[in-house]
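Only a predicted model underlies this, so the values are computations on that prediction, with no experimental measurement involved. Quick note: numbers below take in every heavy atom, side chains included, and nothing from hydrogens, waters or symmetry partners.
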2 protein chains.
Amino acid sequence: MSKKKISDLLKKGQFTVNGSLWLEGDGVRFFGPGPVQLLELIQETGSINQAAKKMQMSYKKAWQLVDNLNAMSAQPMVITTTGGEKGGGSSISEEAIQMISYHQQLRARFKKFLEEETLRLK
Amino acid sequence: MSKKKISDLLKKGQFTVNGSLWLEGDGVRFFGPGPVQLLELIQETGSINQAAKKMQMSYKKAWQLVDNLNAMSAQPMVITTTGGEKGGGSSISEEAIQMISYHQQLRARFKKFLEEETLRLK
DNA sequence: GATCGTTATATCTTCAAAGATATAACGATA
DNA sequence: TATCGTTATATCTTTGAAGATATAACGATC
């Protein structure tokens with residue numbers, strides 16, 4: 001019996017290999033797709049609050065992500081200030097910019113991997 | 001300023017790139033690591049019930065996975081019989097064996113990808 | 001028809017994650 | 001000192017997934 005293509009084994013028409021990637025430190029996941037987008041939006045808006053709103057995330061969750069990121073990194077990724085003229089605000093560090101850049105490249109390589117694997121199904 | 005290694009940006013010592021993969025049909029995830037092990041154990045034990053116990057999964061969840069797998073595949077991956085001498089039992093189809101084999105190869109390639117990406121951090 | 005262990009299914013309970021809400025702290029400006 | 005919008009934090013509610021439990025259906029064997 002000849003070997004069938006995987007897609008022949010399955011019922012529906014459109015199949016893809018998909019997945020997700022993250023950085024792990026001592027078994028703890030800490031840098032997935034969510035945080036990257038949040039960092040980008042903090043950079044754009046200058047505020048955790050506004051960044052959270054833009055991605056329809058609760059402020060609470062956004063703050064937790066920021067807190068977690070800062071705890072895991074050698075230098076803070078997000079610098080926050082409270083009070084002042086505009087009530088405060090946040091900016092991202094050079095390290096955060098490098099992490100964003102790295103993550104974009106990583107995602108691009110992963111995307112290629114997934115596309116190759118999806119082709120292999122057919 | 002020279003570009004730092006990613007691992008220098010982070011606090012703790014041991015970092016890895018990790019992730020998970022699955023097959024998707026019409027946006028619905030349906031074939032991850034859990035089902036593969038379950039299929040293997042059904043093949044080994046001849047019973048959904050015993051397979052579930054071996055991997056410390058509730059029968060309910062195991063049965064749901066089996067039901068889902070059969071619904072997604074052109075031919076059933078698990079053939080079940082009820083009643084009879086031993087109360088019934090289950091076996092896996094040729095298609096399931098092919099899926100297991102495919103998934104093992106896919107995991108091996110993914111493992112290589114993750115290892116390469118982890119090396120890149122350092 | 002009584003027995004057996006399994007499949008098949010429904011229902012109830014638990015538990016953790018997420019969301020909603022409220023409020024204190026902050027500090028430049030006027 | 002009053003105002004402002006933001007950060008920082010606590011607490012309560014909601015929700016969905018998982019787990020626990022119970023039971024019917026099944027059919028070869030005796």
Taking side chain to side chain contact (heavy atoms under 4.5 Å, CB included) as the definition, give me every residue that meets it alongside [X], ordered by chain and number, with sequence neighbours left out.
{"X": "B/D67", "value": "B/W63"}
{"X": "B/T82", "value": "none"}
{"X": "A/L69", "value": "A/F31, A/P35, A/L39"}

Original post:
Once you round it to whole Å, what is the distance between C1' of C/dC26 and CD1 of A/I48?
Top reply: 14 Å

Subject >> For atom OH of A/Y59 and atom C1' of C/dA22, their distance in whole Å >> reply: 14 Å

Does [X] use its side chain to pair, donor to acceptor, with the backbone of [Y] at less than 3.5 Å?
{"X": "B/N70", "Y": "B/V78", "result": "yes"}
{"X": "A/S73", "Y": "B/L9", "result": "no"}
{"X": "B/S20", "Y": "A/S20", "result": "no"}

What I'd like to find out is whether the side chain of [X] reaches to under 4.5 Å of the side chain of [Y], using heavy atoms alone.
{"X": "B/I100", "Y": "B/E40", "value": "yes"}
{"X": "A/K5", "Y": "A/L121", "value": "no"}
{"X": "B/L41", "Y": "B/M55", "value": "yes"}
{"X": "B/K11", "Y": "A/M72", "value": "no"}

Could I get the full list of salt bridge (Lys or Arg N to Asp or Glu O under 4.0 Å) partners for [X], not counting sequence neighbours?
{"X": "B/R120", "value": "B/E117"}
{"X": "A/E85", "value": "none"}
{"X": "B/K111", "value": "B/E115"}

Original post:
Got a sec? Which of residues 49-57 of chain A come in under 4.0 Å of DNA chain D, heavy atoms?
Top reply: A/N49, A/Q50

Original post:
Can you list every salt bridge (Lys or Arg N to Asp or Glu O under 4.0 Å) pair that touches residues 48-63 of chain B, not counting sequence neighbours?
Top reply: B/E44-B/K54

**OP:** Check whether any side-chain N or O of B/W63 sits under 4.0 Å from OP1 or OP2 of C/dA8, and answer yes or no.
**Re:** yes

**OP:** Dot-bracket notation for DNA chain C is requested: 5' to 3', Watson-Crick or G-U wobble pairs only, both distances under 3.5 Å, with ( ), [ ], | and . as defined.
**Re:** ||||||||||||||||||||||||||||||

Under-3.5 Å N/O pairs linking protein and nucleotides 11-18 of chain D:
none

Subject >> Rounded distance (nearest 0.5 Å) linking atom OG1 of B/T16 with atom CD of A/E24 >> reply: 4.5 Å

Original post:
For DNA chain C, what residues of residues 64-71 of chain A have any heavy atom nearer than 4.0 Å?
Top reply: none

Original post:
For DNA chain C, what residues of residues 77-88 of chain B have any heavy atom nearer than 4.0 Å?
Top reply: B/T80, B/T81, B/T82, B/G83, B/K86, B/G87, B/G88

